Amino acid sequence: MLDNGIGISREVQQRIFEQFFTTKDVGKGTGLGLAIAHQIIVEKHRGTLEVKSVSGHGSQFIITIPIYRIED
């Protein structure tokens with residue numbers, strides 16, 4: 001997918017999946033979206049959610065969910 005954003009600073013990347021962390025103005029965001037996504041992917045599905053970003057160049061979010069095969 002094409003990313004036309006400005007990227008995410010290293011400081012924000014370190015906190016991006018924390019519950020209630022937001023870069024928006026007070027009253028404009030709850031800081032729950034990425035925290036909930038992280039919880040579902042990592043805790044419920046034993047996957048990973050990573051962010052790769054270069055400030056000024058854009059970002060990638062990489063989701064990995066393992067596939068389990070149930071034997072008969």
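Please read all numbers here as calculations on a predicted model, not as lab measurements.
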Counterpart residues, side-chain hydrogen bond (donor to acceptor under 3.5 Å, both in side chains), relative to R46 (two or more places apart):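 Partners of R46 by the side-chain hydrogen bond (donor to acceptor under 3.5 Å, both in side chains) criterion come out as none, since no residue qualifies.
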
Partner set under side-chain hydrogen bond (donor to acceptor under 3.5 Å, both in side chains) for Q13, not counting sequence neighbours: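 Applying side-chain hydrogen bond (donor to acceptor under 3.5 Å, both in side chains) to Q13 gives none.
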
Side chain to side chain contact (heavy atoms under 4.5 Å, CB included) partners for S55, two or more places apart: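 Listed in chain order: nothing, the list is empty.
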
Side chain to side chain contact (heavy atoms under 4.5 Å, CB included) involving Q14 - partner list, sequence neighbours excluded: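 Partners of Q14 by the side chain to side chain contact (heavy atoms under 4.5 Å, CB included) criterion come out as none, since no residue qualifies.
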
Donor-acceptor list for residues 19-41 side chains, cut-off 3.5 Å, not counting sequence neighbours:
from, atom 1, to, atom 2, distance (Å)
T22, OG1, K24, N, 3.1
T30, OG1, L32, N, 3.4

Common cluster, I8/I6, ILVMFWY with side-chain heavy-atom separation under 4.5 Å: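 As far as the 4.5 Å side-chain criterion goes, I6 and I8 are not connected within one cluster.
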
V54 reachable from I16 in the ILVMFWY side-chain graph, under 4.5 Å edges: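 No, I16 does not connect to V54 through the hydrophobic network.
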
E18: salt bridge (Lys or Arg N to Asp or Glu O under 4.0 Å) partners, not counting sequence neighbours: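 Testing E18 for salt bridge (Lys or Arg N to Asp or Glu O under 4.0 Å), a comparison that skips the adjacent residues, returns R15.
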
Flag, side chain of T64 to backbone of G47, donor-acceptor distance under 3.5 Å: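 No, T64 side chain to G47 backbone: no donor-acceptor pair under 3.5 Å.
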
